[in-house]
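Only a predicted model underlies this, so the values are computations on that prediction, with no experimental measurement involved. Below, each value reflects all heavy atoms present in this structure, side chains not excepted, and no hydrogens, waters or symmetry copies. When a ligand or atom number is given, it counts from 1 through the structure's own listing order.
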Amino acid sequence: MSDLGRLEDLPPQYIEDLRKLNIVPLWPSLRAVLPPGKPRPNTQPTFWSYEALRPHLLRAGELTPMEKAERRVLVLANPGHGLDHMKASPAIYLGMQLLLPGEWAPSHRHTPNAVRMVVEGAGAWTTVEGEKCPMSRGDLILTPTGLWHEHGHDGNEPVVWLDVLDLPVVYYLEASYAIEGRRQTVQPGRGDRAYARGGLLPTPVFARNSKPYPMLRYPWADARAALEALAADQPALPMVQLTYVNPETGGDALNILGFHALMLRPGESLALPARSPASVFHVIEGGADVQIGDQRFTLAEADTCCAPGYTPLTLTNRRAGQPSFLFVADEGPLHRKLGVYEERPPA
Ligand code: GTQ
């Protein structure tokens, strides 16, 4: 690939004349925006230790009352994007949110989609569009675009969850905004009950749920049991992973980010192809070594890391005698919808 002319090769007056007209030459920047063979990511492999983060989150609980925070969140930011941009990857925002007993995070709705992965504590709930979703460890709760949501806590210990939002990409599109609301009235109907069994849907004539997001809570007990059953049924399966889907459409649970539950079998080491979307790994149970290109992180329970796209990954269970369970979020649905999704097999 030949070298192209640089900005310095041009007369300064010429560049200045162009800039006054809001015009710039392409060729000095061409290789930066279209790098040869593979993208040059800003996203750095980044690791966040829950043990290190937790005391700071509890301190935030002392420093900032709910009325002054609205959402009391410490953001897991990727240094490759600049910490203040609050991105784990181009499309993924990650935050650890703390709710103390008796607290309430008021109702609002916004254009970015969010999910919560409950990390610790019991007794909290999120009400989404009138459906009150109990929160326990490992549960996945959706708050899709435009739906009202608020968080409350009737228990007696701090509750922490991981927020995953597509905020960076929605913000980039200049489409991010929120609307404040009043406390919701809880309505009857629970998607986690109506859709409790895979392969069985409420019959449309009587019960067709016209909601675009019929299932808002995916209990961890169910996801874990489904992983165990899959592993037992298909011992030769190359990867024991389930995708969180919309039970009515079978498609991705949300439009932009994808969510999965992964079981690493005892002693298993899983080499994944380099895929175009960036991804995030969070340990629900057990522990895992995550190799991202030439970097390696050791994840204990509740730890989180992120990986840029186009990078081969290897996930290794740190337990020889028991499975480990990971929550995975990625930019897959976005890449597929945009037509830029790619997979490159290990070299
Ligand atoms: O709980 O609604 O981490 O609106 C960032 C923005 C959580 C929430 C975040 C939010 C929320």
Side-chain angles (χ1 to χ4, degrees), residues 46 48 50 53-54 56-58 60-61 63-78 81 83-100 102-121 123-136 139-155 158-184 213 216-218 253-257 259 280 282 302 304 306 327 329:
T46 306
W48 296 274
Y50 188 61
L53 173 162
R54 191 178 182 277
H56 297 292
L57 191 54
L58 293 174
L63 293 171
T64 307
M66 259 336 260
E67 307 76 65
K68 292 286 175 200
E70 208 164 293
R71 297 294 190 265
R72 192 191 290 112
V73 177
L74 294 181
V75 179
L76 313 187
N78 193 308
H81 289 281
L83 296 181
D84 294 328
H85 287 100
M86 300 196 296
K87 300 180 188 189
S89 76
I92 305 176
Y93 157 105
L94 298 175
M96 281 286 180
Q97 181 160 173
L98 170 70
L99 202 62
L100 295 170
E103 286 185 336
W104 179 61
S107 196
H108 70 181
R109 59 194 187 97
H110 41 67
T111 46
N113 296 272
V115 304
R116 338 271 158 202
M117 167 52 52
V118 185
V119 178
E120 76 163 76
W125 43 267
T126 293
T127 298
V128 186
E129 210 71 10
E131 181 174 330
K132 187 170 178 176
C133 302
M135 300 175 94
S136 27
D139 289 354
L140 183 73
I141 292 162
L142 311 186
T143 59
T145 179
L147 301 196
W148 291 107
H149 56 280
E150 62 191 90
H151 315 294
H153 191 349
D154 305 326
V159 166
V160 177
W161 62 80
L162 176 68
D163 287 316
V164 185
L165 279 78
D166 50 26
L167 178 62
V169 66
V170 179
Y171 182 81
Y172 175 76
L173 296 173
E174 301 185 347
S176 179
Y177 72 96
I179 295 172
E180 305 302 315
R182 287 197 214 102
R183 191 181 274 262
Q184 299 170 67
Y213 300 95
L216 298 169
R217 173 173 184 254
Y218 297 76
L254 293 177
N255 283 327
I256 296 179
L257 301 182
F259 307 100
V280 165
H282 172 81
T304 306
C306 79
F327 170 60

* To the nearest 0.1 Å, how far is atom 6 (C) of ligand 1 from its closest protein heavy atom, and which atom is that? ->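 Protein heavy atom with the smallest distance to atom 6 (C) of ligand 1: L165 CD2, 3.9 Å.
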
* Asked: How close does the nearest protein non-hydrogen atom get to atom 5 (C) of ligand 1, and which residue and atom is it?
  ->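 Closest protein heavy atom to atom 5 (C) of ligand 1: Y93 OH, 3.4 Å.
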
* To do: Would you tell me which option among Q97, M96, H108, R71 has the nearest heavy-atom contact to atom 4 (O) of ligand 1?
  =>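 The nearest heavy atom belongs to H108.
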
* Passing option when W148 is tested against R182, Q184, H110 for side-chain contact (heavy atoms from CB on, under 4.5 Å) ->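 Single pass found, and it is Q184.
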
* Looking at V128, D163, L165, which hits side-chain contact (heavy atoms from CB on, under 4.5 Å) with T143? ->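 Of all the options given, the one that passes is V128.
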
Using a 4.0 Å cut-off to any heavy atom of [X], which atoms of ligand 1 qualify?
X	answer
H151	1 (O), 2 (O), 8 (C)
V73	3 (O)
R116	1 (O), 2 (O), 7 (C), 8 (C), 11 (C)
D163	3 (O), 7 (C), 9 (C)

* To do: Taking T145 for its side chain and T111 for its backbone only, find out whether a donor-acceptor pair lies under 3.5 Å.
  =>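 Yes: the side chain of T145 pairs with the backbone of T111.
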
* Would you say R116's side chain and I141's backbone share a donor-acceptor pair under 3.5 angstrom? ->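 Such a contact is absent between R116 side chain and I141 backbone.
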
* If the plane angle is over 60° it's perpendicular, under 30° parallel, otherwise tilted; pick one for F259 and F327. =>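 Taking F327 first and then F259, their aromatic rings lie parallel (interplane angle under 30°).
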
* To do: Report yes if the side chains of V170 and I256 come closer than 4.5 Å at any heavy-atom pair, otherwise no.
  =>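 Sidechains of I256 and V170: in contact.
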
